[in-house]
Trainee: 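Sharing a structure below in structure tokens format, with a few things to ask.
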Amino acid sequence: MILSQEHDMIRDALRAFAQERLAPNAARWDKEHHFPKEELQELAALGAFGVAVPEALGGAGMDYVSLALVLEEIAAGDGGTSTIISVNNCPVCSIAMMYANDRQKEQWLRPLAQGAMLGAFCLTEPHTGSDAAALRTTAARDGDDYVINGVKQFITSGKYADMAIVLAVTDKAAGKKGISAFWVPTSTPGYVVAGLEQKMGQHSSDTAQILFENCRIPAENLIGAEGQGYKIALSGLEGGRIGIAAQAVGMARAAYEAALSYARDRESFGKPIFEHQAVQFRLADMATQIEAARQLIRHAASMKDAGLPCLKEAAMAKLFASEMAERVCSDAIQVHGGYGYVSDFPVERIYRDVRVCQIYEGTSDIQKLLIARAL
Ligand SMILES: CC(C)(COP(=O)(O)OP(=O)(O)OC[C@H]1O[C@@H](n2cnc3c(N)ncnc32)[C@H](O)[C@@H]1OP(=O)(O)O)[C@@H](O)C(=O)NCCC(=O)NCCSC(=O)CCS(=O)O
């Protein structure tokens, strides 16, 4: 896919920001588990919180191809920051665009798209991730309110978010059709951050377990209709998977660029290691794999922009990009030799950061299941 001039401009602006404000800090944030509050505000000013949200609703008014470009660039700077931005765009803002009513759009989507608020998506639970319909959190109607009880697991921005989209059972007997989606401000009594995960990577992004303890919200916070929640969640994940794929490409690219630069610098047997064909071929494979993933992502994103269903294409992009990214990051370590295994060079951190792309917003096996269904 050939990018438009507008796309080039967005990519260049985000690349400049990410290389100047994220990449130089990423190693420190990794060590200190630092949440990049200040840089997120700068990203908000660049329109990164609601890239595909119309300007009239507070967003940047761009498209999903642009969102993929934005996420690739942010991820090339810092993986954890890209996850925070990715979740805020999709599923949070994308669900709001598709299913929120006008009042909710004004009240919640606008600040989320502007970056005045940060969003989280609460679907996964301790006992169920892939089998999303098996969730146990309940939302019981009580007069003009719903009262939510349950536990959510692995929630990106669970601690720092202002607003969460929460999936809960409103009618157990109805199975998948008994799940509903709600807006829950995280300041609501009963929204409890039970703990933060100690993760392998992406330390700049918080991943929380959230308890809902008699968390009472007004009935008007229901998104769409009662029983529509499962469909809402799955449709939000469609765009989310394009975003995760773009993050994987960004991280793989950062590792590849580090390896290329190292290979031109480091000498063995009397010449830069780049001049050894074994190293050149490894780098050529890495560059090709990254480009192939990028094209799958742009294809899925352009289908979404055209209003076409793209569940299969989004799943293919996420599957290919996330698996490719682990291989490429591993190869980047190999090019660095022993230096790749220690934290003096960025590839050790990026390898840890990228691994989760094969897991969150649907494991590789779930992507294969979705692809197989569409064959
Ligand atoms: C494993 C699954 C794929 C199983 O899915 P199902 O077979 O149970 O679902 P379906 O019957 O196919 O669909 C139900 C319903 O939704 C509609 N649907 C599905 N996809 C879309 C879409 N893309 N757009 C619009 N509508 C859609 C479908 O038509 C059905 O509607 P009707 O009943 O026909 O009206 C699934 O469970 C799955 O994907 N599992 C993985 C879940 C996952 O990715 N979890 C990770 C979430 S991330 C998280 O929670 C951590 C927080 S983070 O910070 O992100």
Side-chain angles (χ1 to χ4, degrees), residues 64 71 79-80 82-95 97-99 118-137 150-161 163-168 174-181 184 186 193 196-197 199 202 205-210 223-245 247 300 303-304 307-319 322 356-374:
Y64 279 88
L71 290 172
S82 69
T83 295
I84 300 165
I85 295 291
S86 192
V87 170
N88 194 78
N89 276 278
C90 275
V92 176
C93 284
S94 64
I95 285 178
M97 279 198 290
M98 288 184 280
Y99 297 101
L118 180 63
F121 177 63
C122 297
L123 171 63
T124 300
E125 299 190 357
H127 67 282
T128 183
S130 293
D131 185 7
L135 60 88
R136 292 180 192 158
T137 295
V151 188
K152 295 289 177 179
Q153 188 81 13
F154 303 137
I155 305 307
T156 301
S157 306
K159 178 178 173 191
Y160 291 104
M163 174 58 62
I165 291 181
V166 179
L167 282 299
K176 292 179 196 176
K177 303 271 187 207
I179 296 169
S180 304
V184 180
T186 60
V193 180
L196 297 181
E197 302 298 342
K199 299 177 293 183
Q202 300 215 4
S205 143
D206 65 300
T207 305
Q209 187 187 64
I210 307 295
I223 304 175
E226 254 198 32
Q228 224 188 345
Y230 189 52
K231 187 189 179 83
I232 290 173
L234 295 190
S235 60
L237 286 169
E238 184 182 271
R241 286 165 184 159
I242 299 174
I244 304 293
Q247 289 179 245
M303 285 182 72
K304 195 150 182 65
L308 299 169
C310 61
L311 193 56
K312 180 185 77 180
E313 289 74 14
M316 284 177 165
K318 183 181 185 286
L319 173 67
S322 61
V356 72
C357 293
Q358 293 168 68
I359 301 170
Y360 58 11
E361 300 208 10
T363 63
S364 287
D365 291 329
I366 288 297
Q367 309 312 319
K368 286 180 193 173
L369 180 152
L370 289 167
I371 296 162
R373 276 183 180 183

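Every number for a ligand or one of its atoms is a count from 1 in the order of the listing.
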Trainee: Applying side chain to side chain contact (heavy atoms under 4.5 Å, CB included) between F121 and each of V166, L237, T156, report the one that passes.
Mentor: L237
Trainee: Considering residues at least two apart in sequence or located in another chain, which fulfil the salt bridge (Lys or Arg N to Asp or Glu O under 4.0 Å) criterion with E226?
Mentor: none
Trainee: Which pair of non-hydrogen atoms, one from K176 and one from A133, has the smallest distance, and what is that distance?
Mentor: CG-CB, 3.8 Å
Trainee: Applying salt bridge (Lys or Arg N to Asp or Glu O under 4.0 Å), can you list everything that pairs with E313, at least two apart in sequence or on another chain?
Mentor: none
Trainee: Apply side-chain contact (heavy atoms from CB on, under 4.5 Å) to residues I155 and T207 and explain how you reach the verdict.
Mentor: CA-CA 5 Å; I155 305 307; T207 305; over 6 Å; no
Trainee: Taking only residues at least two apart or on different chains, which pairs with a member in residues 227-237 satisfy side-chain hydrogen bond (donor to acceptor under 3.5 Å, both in side chains)?
Mentor: Y99-S235
Trainee: Identify the protein atoms, limited to N or O, that lie within less than 3.5 Å of an N or O atom of ligand 1, and list each pair with its distance to 0.1 Å.
Mentor:
residue: ligand 1; atom: 5 (O); partner: Y230; partner atom: OH; Å: 3.2
residue: ligand 1; atom: 7 (O); partner: R373; partner atom: NH1; Å: 3.2
residue: ligand 1; atom: 7 (O); partner: R373; partner atom: NH2; Å: 2.6
residue: ligand 1; atom: 8 (O); partner: K176; partner atom: NZ; Å: 2.9
residue: ligand 1; atom: 8 (O); partner: Y230; partner atom: OH; Å: 2.5
residue: ligand 1; atom: 11 (O); partner: K176; partner atom: NZ; Å: 3.4
residue: ligand 1; atom: 12 (O); partner: R373; partner atom: NH1; Å: 3.1
residue: ligand 1; atom: 23 (N); partner: E238; partner atom: OE1; Å: 2.8
residue: ligand 1; atom: 33 (O); partner: K177; partner atom: NZ; Å: 2.5
residue: ligand 1; atom: 35 (O); partner: K177; partner atom: NZ; Å: 3.2
residue: ligand 1; atom: 37 (O); partner: S130; partner atom: O; Å: 3.4
residue: ligand 1; atom: 37 (O); partner: Y230; partner atom: OH; Å: 2.7
residue: ligand 1; atom: 39 (O); partner: R241; partner atom: NH2; Å: 3.3
residue: ligand 1; atom: 40 (N); partner: S130; partner atom: O; Å: 2.8
residue: ligand 1; atom: 44 (O); partner: R241; partner atom: NH2; Å: 2.8
residue: ligand 1; atom: 44 (O); partner: G362; partner atom: N; Å: 3.0
residue: ligand 1; atom: 50 (O); partner: T124; partner atom: N; Å: 3.1
residue: ligand 1; atom: 50 (O); partner: T124; partner atom: OG1; Å: 2.7
residue: ligand 1; atom: 54 (O); partner: T156; partner atom: N; Å: 3.1
residue: ligand 1; atom: 54 (O); partner: T156; partner atom: OG1; Å: 2.7
residue: ligand 1; atom: 55 (O); partner: E361; partner atom: OE2; Å: 3.3

